[in-house]
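Excluded from the calculations below are hydrogen atoms, water molecules and symmetry mates; all remaining heavy atoms, backbone and side chain alike, are included.
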Amino acid sequence: MMMTMMFGLNPKPFFDLSILLLLLLFCSSTESLRFEVQSSSTKCISEDIKSNSMTVGKYSIVNPNEGYPLPDSHRVTVRVTSSFGNNYHYGDKVQSGQFAFLAAESGDYMTCFWATEHDPKATLTIDFEWKSGVAAKDWSNVAKKGQVDVMELEIKKLYETVTDIHDEMFYLREREEEMQALNQTTNDRMFWLSFLSLFVCLSVAGLQLWHLKGFFEKKKLI
């Protein structure tokens with residue numbers, strides 16, 4: 001009801017803002033980057049993915065000499081693991097590759113690149129594209145299989161995006177509740193620890209006073 005009233009005042013700015021937010025959130029689910037790794041070195045990239053989300057990745061070593069084959073020194077070993085230690089992809093001394101899987105659990109997923117040892121040392125440039133959620137879908141195939149026009153395809157994309165945002169909000173809410181519970185538990189423990197520390201300090205101070213009083217009475221100083 002409140003949203004309808006807001007749209008009734010001036011629909012265009014709110015519509016443009018909603019589309020902009022959707023596009024920003026849609027783009028945030030895609031990670032495409034280029035980085036360098038030296039021989040015998042490792043570089044890891046993490047991505048927070050919720051359970052039952054599709055994720056796809058593609059990587060390749062950039063050829064330093066176009067028109068010529070890649071040198072043998074330009075090879076990497078790639079492994080994709082979840083925060084629970086489960087392996088989802090492994091490539092041994094490859095020059096390119098790709099992976100796709102459905103996340104079984106929520107958390108941080110790690111993609112690590114190990115550059116092979118080589119003498120003299122070489123610097124490898126790697127192109128890496130990682131998509132998850134709505135961005136991981138092959139919309140061209142969806143359009144071909146469903147035989148939908150451009151407008152229907154865009155509506156499908158927006159619907160999938162809104163659904164993904166909705167699920168992401170519930171996921172973030174669960175994480176927030178977990179953090180609040182952890183903070184409450186930590187505060188309770190700190191309170192009892194402080195209370196115990198104060199009790200011990202007062203007890204030690206009382207024992208010291210009692211000992212000094214007995215000592216002075218024994219020496220007949222008081």
remark   = Between Leu70 and Pro64 the two heavy atoms that sit nearest each other are CD2-CD, 3.8 Å
request  = Please answer whether the main-chain N or O of Trp114 pairs with a side-chain N or O of Thr42 as donor and acceptor at a distance below 3.5 Å.
outcome  = no
request  = List the atom of Ser106, the atom of Ser51, and the distance in Å for their closest heavy-atom pair.
outcome  = OG-N, 2.8 Å
note = Residues at least two apart in sequence or cross-chain that pass side-chain contact (heavy atoms from CB on, under 4.5 Å) with Ala122, listed by chain then number, are Ser39, Ser73, His74, Leu124
message = Quick one, Glu177 and Arg173 - any side-chain contact, counting heavy atoms below 4.5 Å?
response = yes
request  = Heavy atoms only: give me the nearest Met110-Ser46 pair and the separation to one decimal.
outcome  = SD-CB, 3.8 Å
query = Got a sec, which residues hit side-chain hydrogen bond (donor to acceptor under 3.5 Å, both in side chains) with Asn63, two or more places apart in sequence or on another chain?
reply = none
request  = Tell me, please, which residues at least two apart from Ser41 pass side-chain contact (heavy atoms from CB on, under 4.5 Å).
outcome  = Val37, Gln38
query = Is the closest side-chain heavy-atom distance between Ile45 and Leu33 below 4.5 Å?
reply = yes
Residues 189-201 side chain polar contacts: donor-acceptor under 3.5 Å, at least two apart:
from: Ser194; atom 1: OG; to: Met190; atom 2: O; distance (Å): 2.8
from: Ser197; atom 1: OG; to: Leu193; atom 2: O; distance (Å): 2.8

Listing, residues 91-103 side-chain donor-acceptor contacts under 3.5 Å, not counting sequence neighbours, or none:
from: Asp92; atom 1: OD1; to: Thr77; atom 2: OG1; distance (Å): 3.4

Residues forming a side-chain hydrogen bond (donor to acceptor under 3.5 Å, both in side chains) with Tyr90, sequence neighbours excluded = none
message = What's the separation between atom OH in Tyr88 and atom CD1 in Ile49, rounded to the nearest 0.5 Å?
response = 9.5 Å
inquiry  = Using modelled atom types and a 3.5 Å cut-off, is there a donor and acceptor pairing between side-chain atoms of Thr55 and backbone atoms of Lys131?
reply    = yes
message = Could you list the cluster mates of Phe84? Members are the ILVMFWY residues connected by side-chain heavy atoms closer than 4.5 Å, either directly or through other members.
response = none
request  = Could you list the residues that satisfy side-chain hydrogen bond (donor to acceptor under 3.5 Å, both in side chains) with Arg34, not counting sequence neighbours?
outcome  = Asp127
ask   = Residues two or more places apart in sequence or in another chain: which of them pass side-chain contact (heavy atoms from CB on, under 4.5 Å) with Glu174?
value = none
request  = Give a yes or no on whether Gln180 atom CD has more than 12 heavy-atom contacts from other residues, nucleotides or ligands under 6.0 Å away.
outcome  = yes
key: Straight-line distance of Phe128 CZ to Thr111 OG1, nearest 0.5 Å   = 4.0 Å
task = With sequence neighbours excluded, tell me which residues meet side-chain hydrogen bond (donor to acceptor under 3.5 Å, both in side chains) with Asn187.
result = none
task = Measure the OG1-CG distance between Thr81 and Asn87 for me, rounded to the nearest 0.5 Å.
result = 6.5 Å
ask   = Applying ring-ring contact (aromatic ring centres under 6.0 Å, His included), which residue pairs with at least one partner in residues 43-65 are found, sequence neighbours left out?
value = Tyr59-His89, Tyr59-Phe113
inquiry  = Looking at every non-hydrogen atom in both residues, tell me the closest pair between Tyr171 and Gly107 and how far apart they are.
reply    = OH-N, 3.9 Å
key: Which residues share a salt bridge (Lys or Arg N to Asp or Glu O under 4.0 Å) with Lys43, sequence neighbours left out   = none
